[in-house]
Amino acid sequence: MATFSPEFSNPPEFSSAPIFHEPPSEESLLEGLTDSQRQAVIHKDGPALVLAGPGSGKTRVITRRLVWLLTQGIPEHQILAITFTNKAAGEMRARVEALLPGTRLQVSTFHSFGVKFLRQYAEQAGIDRGFLIYDQSDRLRMTKTALEDAGLDDTRFNPDRVSAAISKAKNMLLSPGAYAAQAQDYWSKQVALAYPAYQKRLKQANALDFDDLLYLPAMALRQNAELRARCDARWKYLLVDEYQDTNMAQYALARQLCQDHPNLFVVGDPDQSIYKFRGSDIRNILDFERDYSGCKTILLGANHRSTQSILKAADSLISHNRQRKPKVQTTHNPKGRPVEVVAYENQESEAEGVALRIRDEIQAGRRSLRDFAVLVRMNALTRALEQAFIKYRIPFQIVKGLAFFERKENKDAVAYLRLISNPKDDVSFLRVVNEPARGIGKTSIEHVEAHARARDLSLLEAAGQAEFIPGLTGRAAQAIVKFARLLEKLRPLADGPPHEALIKLLDETGYKAALKKTDDADQDHLANIEELITAARQFAQLDPSNNVAGFLENISLASDLDGFNTSQESVTIMTMHAAKGLEFPVVFMVALEQGLLPHERSLDNELELEEERRLCFVGMTRAMQELQLSYARLREFRGRTTYTVPSSFFDELPPPPDVRKIERGGMRRDESDYSTDHPMDYEDTPIVMAPSRSATAKSAGSSAPFTPRAGEPDELRQGMFVAHGEYGVGQIVEASGNGALRKVRIRFQTAGLKVFLASKAKLTIVHPGEDF
DNA sequence: GTAAGCTTTCTTTTT
DNA sequence: GAAAGCTTAC
């Protein structure tokens with residue numbers, strides 16, 4: 001799903017606080033808060049650390065404090081709030097605005113703050129203002145080239161690892177020189193050769209990687225005292241959420257901005273630090289009181305989310321960590337049902353067990369689909385779940401970090417866009433120069449690269465001179481020049497709206513025609529492209545000044561997580577990482593097996609193991625009322641089926657009655673025939689829908705004849721079941737666009753995934769209770 | 001120079 | 001199981 005500005009992706013559900021049209025009084029701002037929450041809200045000057053356990057009302061506190069500061073007369077431009085995701089930023093902004101209409105508070109992630117900062121202070125940071133942001137796959141490509149430049153063999157030096165090492169160096173604010181100076185062992189010394197080569201390549205392409213977005217501002221502030229003082233005075237009040245997941249560069253950024261005006265208010269929970277792999281350092285929060293003298297520490301210990309049993313189980317688990325501040329967690333909630341630890345035979349029965357439990361709850365009218373979440377350690381584990389949910393026709397949404405922009409056709413289209421916006425972007429050039437096929441092969445490109453390197457040109461510039469490059473055959477040279485001219489001609493599109501640029505680009509470069517020519521299966525690809533164009537159009541409509549560069553920036557910082565919609569009537573499947581900050585009445589955590597959670601890479605390292613434990617803790621504490629933890633005795637993974645060992649974390653849970661162990665030997669007898677998997681099994685299964693839908697509820701369970709109903713395009717929604725003349729019944733897994741442009745991605749039992757234009761495809765909505 | 005088909009490799013989490 | 005890399009046949 002393509003989502004841009006978080007502001008319009010999700011109409012935020014506002015907190016229970018009343019909406020004021022006059023500035024709210026202090027009394028009303030503090031209404032319904034506990035003592036410690038109040039203290040946090042009315043903390044004004046000086047550093048403060050708010051240790052906020054799961055479900056402790058953190059968001060409420062932050063929102064109200066921001067509003068409180070404004071009511072104290074602090075001008076909004078002096079406040080900077082940093083959140084962990086774009087989505088969180090959008091919601092925070094909206095919440096504040098709801099309490100105080102007309103406010104435009106600066107709420108961003110560290111990365112988007114970095115981008116704004118660098119556009120404004122480009123000279124001070126020593127970069128070109130028109131920079132482009134490279135994602136991790138661009139970064140990897142660049143690393144490969146850099147390894148070549150540095151004369152290192154990329155088979156011996158894994159580009160992934162080198163790239164990770166460079167990223168780590170930047171997170172630690174080590175310049176290439178500083179890194180080389182401290183490199184001791186052979187490996188680091190080799191990285192020290194690749195790092196400057198990589199930087200040089202980035203600079204030539206006028207690109208920054210994700211780490212630069214933090215590294216460069218932090219360095220600029222460190223090296224430029226005048227700039228630092230100016231910024232310190234500009235943002236007098238700084239608030240950082242999820243502080244436990246800050247890395248050193250982020251730490252430094254906050255530190256520099258809070259010297260003359262040390263009003264740094266951080267909120268976090270050391271037990272929920274789960275981003276070490278990205279450079280987060282849990283010590284940032286553990287040492288906060290030491291780093292900021294005079295710091296006021298506020299503990300939000302009360303949990304308003306989970307039942308006693310869930311809390312007890314989570315607490316028992318996390319108390320096995322050594323690197324933490326012990327804390328007492330309490331709740332006034334009832335004891336609730338025991339946390340269930342369930343053993344299944346294999347991953348299919350596990351997935352079906354979850355699906356059936358959900359189905360039963362829904363059919364009994366006890367819950368609605370959105371009450372459920374299934375959490376996994378990694379994305380690869382979602383397949384069995386997906387199949388089970390389809391089999392039992394339970395609407396679900398899989399929330400993946402990146403999916404949409406990772407698709408090949410979208411990456412290609414974006415590469416074209418990037419190339420007209422920034423002709424120096426060599427990575428994009430290489431990506432599209434022969435896409436569609438133009439008769440420009442590997443050897444020809446190598447000649448162009450050599451020419452470019454010798455003359456310090458970008459690849460596109462070199463391509464323009466292809467006639468003069470020795471070694472190129474006449475035909476190749478012609479094709480290359482033609483390509484260069486074409487892009488040169490299309491460059492002015494970069495100043496216009498992004499969707500128009502995309503349409504024209506894909507047309508003129510022949511990309512669209514090439515896609516159209518391919519066989520049926522590739523209609524997906526076209527559909528994806530059209531979705532990208534729709535997204536670009538939406539972006540352009542937000543603000544007439546939104547051009548190609550703005551669109552590119554927006555998508556490089558966006559993730560599909562931002563599009564996650566809690567109000568949708570479907571079960572949520574996501575990773576435990578993605579679930580941070582969310583809550584669900586019922587949570588299932590699956591595949592809790594040694595090697596998966598805790599992940600095998602953490603088994604021999606105590607610190608990593610503690611991180612896995614925190615991850616498990618985060619997952620468990622998402623649950624409000626019911627929590628089921630499960631594993632399968634037999635699991636197929638990496639194409640091999642192996643006997644598993646239950647997660648060692650099970651041994652760290654409390655005894656009954658808070659936790660109950662359940663054996664699900666095999667499958668339930670009536671469900672055990674999926675191995676034969678007749679389409680019949682599927683057809684016989686009633687569709688699961690929340691019975692609250694009044695119009696449909698009365699027919700549920702009856703055998704009323706199937707009355708086909710043509711769906712208007714806009715009626716088709718994600719999660720719905722539809723019938724197609726050829727492919728049978730399937731579930732809409734994704735829907736986007738509107739009217740004639742509305743596109744639906746449908747997963748069919750037998751035909752797999754297909755994409756249709758809703759207005760063209762002959763689809764009928766299948767309603768609950770209808771047989772067919 | 002290209003496309004298809006084969007083999008090998010490598011598996012976490014995401015701004 | 002998928003993606004990237006490699007080989008082979010046009």
Side-chain angles (χ1 to χ4, degrees), chain A residues 6 82-89 108-115 133-137 139-141 144 154-155 158-161 164 167 170-171 208-215 242 245-247 249-250 273-280 375-384 399-403 405-406 408 433-446 472-473 475-476 479-480 514 518 553-562 574-580 591 595-603 608 611-612 614-616 618-619 635-641:
Chain A
I82 304 278
T83 57
F84 193 68
T85 62
N86 291 308
K87 183 175 148 72
S108 34
T109 63
F110 267 112
H111 289 86
S112 62
F113 170 75
V115 173
I133 303 162
Y134 272 4
D135 67 15
Q136 54 270 62
S137 71
R139 188 177 85 177
L140 192 65
R141 271 221 139 76
K144 282 181 189 160
D154 72 350
T155 53
N158 179 267
D160 268 316
R161 287 189 56 203
S167 166
K170 287 187 184 177
N171 281 333
L208 304 182
D209 64 21
F210 264 122
D211 303 309
D212 287 332
L213 301 180
L214 308 172
Y215 170 86
E242 306 282 9
D245 280 319
T246 51
N247 63 29
Q250 291 167 330
S273 169
I274 53 174
Y275 282 92
K276 185 162 179 268
F277 72 93
R278 218 170 70 187
S280 308
L375 306 184
V376 294
R377 171 67 239 261
M378 51 198 183
N379 290 123
L381 291 167
T382 58
R383 186 172 301 118
V399 185
K400 276 211 190 97
L402 299 155
F405 294 111
E406 296 270 280
K408 179 183 180 302
V433 64
N434 200 33
E435 193 67 58
R438 298 188 172 89
I440 304 170
K442 203 174 146 217
T443 19
S444 307
I445 291 169
E446 272 166 17
L472 281 180
T473 64
R475 210 165 46 163
I480 293 170
T518 51
E553 176 171 314
N554 208 313
I555 62 180
S556 57
L557 294 175
S559 90
D560 284 9
L561 249 48
D562 300 334
M574 54 168 46
T575 64
M576 295 167 197
H577 280 92
K580 182 162 100 159
L596 291 175
L597 184 71
H599 190 269
E600 59 181 331
R601 296 266 284 261
S602 70
L603 292 178
E608 304 257 340
E611 172 123 333
E612 294 289 306
R614 287 194 293 269
L615 187 56
C616 189
V618 167
R635 180 167 302 272
E636 190 193 325
F637 192 61
R638 300 177 184 172
R640 272 217 318 264
T641 305

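Computed over heavy atoms, backbone and side chain alike; hydrogens, waters and symmetry mates excluded.
With dT14(B), dG1(B), dG1(C) as the candidates, the nucleotide lying closest to the side chain of Ala476(A) is dG1(B). Looking at the side chain of Arg601(A), the nearest of the listed nucleotides dT12(B), dT14(B), dG1(B) is dT12(B). Residue Ser444(A) places its side chain closer to dG1(B) than to any other of dT2(B), dG1(B), dG1(C). Listed nucleotides: dT15(B), dG1(C), dT12(B). Nearest to the side chain of Met378(A): dT12(B). Across dT12(B), dT15(B), dT14(B), the shortest atom-to-atom separation from the side chain of Arg377(A) is found for dT12(B). Among dT12(B), dT15(B), dT2(B), the nucleotide with an atom closest to any side-chain atom of Thr109(A) is dT15(B).
Asp212(A) places no side-chain N or O within donor-acceptor distance of the main-chain N or O of Tyr215(A), the cut-off being under 3.5 Å. At least one donor-acceptor pair closer than 3.5 Å links the side chain of Asn86(A) to the backbone N or O of Leu557(A).
In this structure, Thr443(A) reaches the dG1(B) phosphate: one of its side-chain N or O atoms is under 4.0 Å from OP1 or OP2. The side chain of Asn434(A) contributes an N or O atom lying less than 4.0 Å from OP1 or OP2 of dT2(B). For dT14(B), one of the phosphate oxygens OP1 or OP2 lies less than 4.0 angstrom from a side-chain nitrogen or oxygen of Thr575(A). A sub-4.0 Å separation between OP1 or OP2 of dT15(B) and a side-chain N or O of Asn86(A) is absent. OP1 or OP2 of dA2(C) sits under 4.0 Å from a side-chain N or O of Arg383(A).
Counting to the nearest Å, the P atom of dT15(B) and the CZ atom of Phe110(A) are 15 Å from each other. Lys408(A) places its NZ atom 16 Å from the C1' atom of dA2(C), with the value rounded to the nearest Å. One can place CZ of Phe637(A) at 15 Å from P of dC10(B), the figure rounded to the nearest angstrom. In this structure, Asn247(A) places its CG atom 10 Å from C1' of dT15(B), rounding to the nearest Å. Rounded to whole Å, the distance from NZ on Lys580(A) to P on dT15(B) is 10 Å. Following rounding to the nearest Å, Arg139(A) (CZ) and dT14(B) (P) show an atom-to-atom distance of 14 Å. Between Arg161(A) atom CZ and dT11(B) atom P the separation is 11 Å, expressed in whole Å. Atoms CG (Leu381(A)) and P (dA2(C)) sit 14 Å apart, rounded to a whole Å.
Between Leu557(A) and Ala437(A), the residue anchored nearer the 5' end of DNA chain B, judged by the nucleotide with its closest heavy atom, is Ala437(A). Remark on DNA chain B: of its neighbouring residues His111(A) and Glu608(A), the 5'-side contact belongs to Glu608(A), judged by nearest-heavy-atom nucleotide.
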Requested in this report: Assess whether salt bridge (Lys or Arg N to Asp or Glu O under 4.0 Å) is satisfied between Arg383(A) and Glu636(A), documenting all intermediate values.
Outcome: CA-CA 11 Å; Arg383(A) 186 172 301 118; Glu636(A) 190 193 325; over 6 Å; no
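Checking dT8(C) for Watson-Crick or G-U wobble geometry (two distances, each under 3.5 Å) identifies dA3(B) as its partner. As the counterpart of dT11(B), no nucleotide is assigned, since no Watson-Crick or G-U wobble pattern has both distances under 3.5 Å.
Lys144(A) comes within 4.0 angstrom of sugar-phosphate atoms only, judged by non-hydrogen atoms across all strands, and of no base. At a threshold of 4.0 angstrom between heavy atoms, the contacts of Leu214(A) with the nucleic acid are absent. Note on Tyr275(A): only backbone sugar-phosphate atoms sit closer than 4.0 angstrom, heavy atoms only; bases stay farther off.
The aromatic rings of Phe84(A) and Tyr275(A) sit tilted, their planes meeting at an angle between 30° and 60°.
Residue side chain Arg278(A) does not reach the base of dT13(B) through any donor-acceptor N/O pair under 3.5 Å, judged by distance alone.
For dT14(B), the base is not stacked against the aromatic ring of Phe277(A), per a cut-off of 5.5 Å between centres and 30° between planes. For the pair His599(A) and dT12(B), the ring geometry qualifies as stacking, because the centroid separation is below 5.5 Å while the planes lie within an angle under 30°.
Residues Leu375(A) and Ala579(A) approach most closely at CD2-CB, 3.8 Å, considering heavy atoms.
Applying the side chain to side chain donor-acceptor pair (under 3.5 Å) test between Asp245(A) and each of Arg278(A), Lys580(A), Lys276(A) identifies Lys580(A) as the sole match.
Nucleotides dT13(B) and dA4(C), compared at atom C1', are 22 Å apart to the nearest Å.
Annotation: side chain of Ser444(A) is in contact with side chain of Ile480(A) (closest heavy-atom distance under 4.5 Å).
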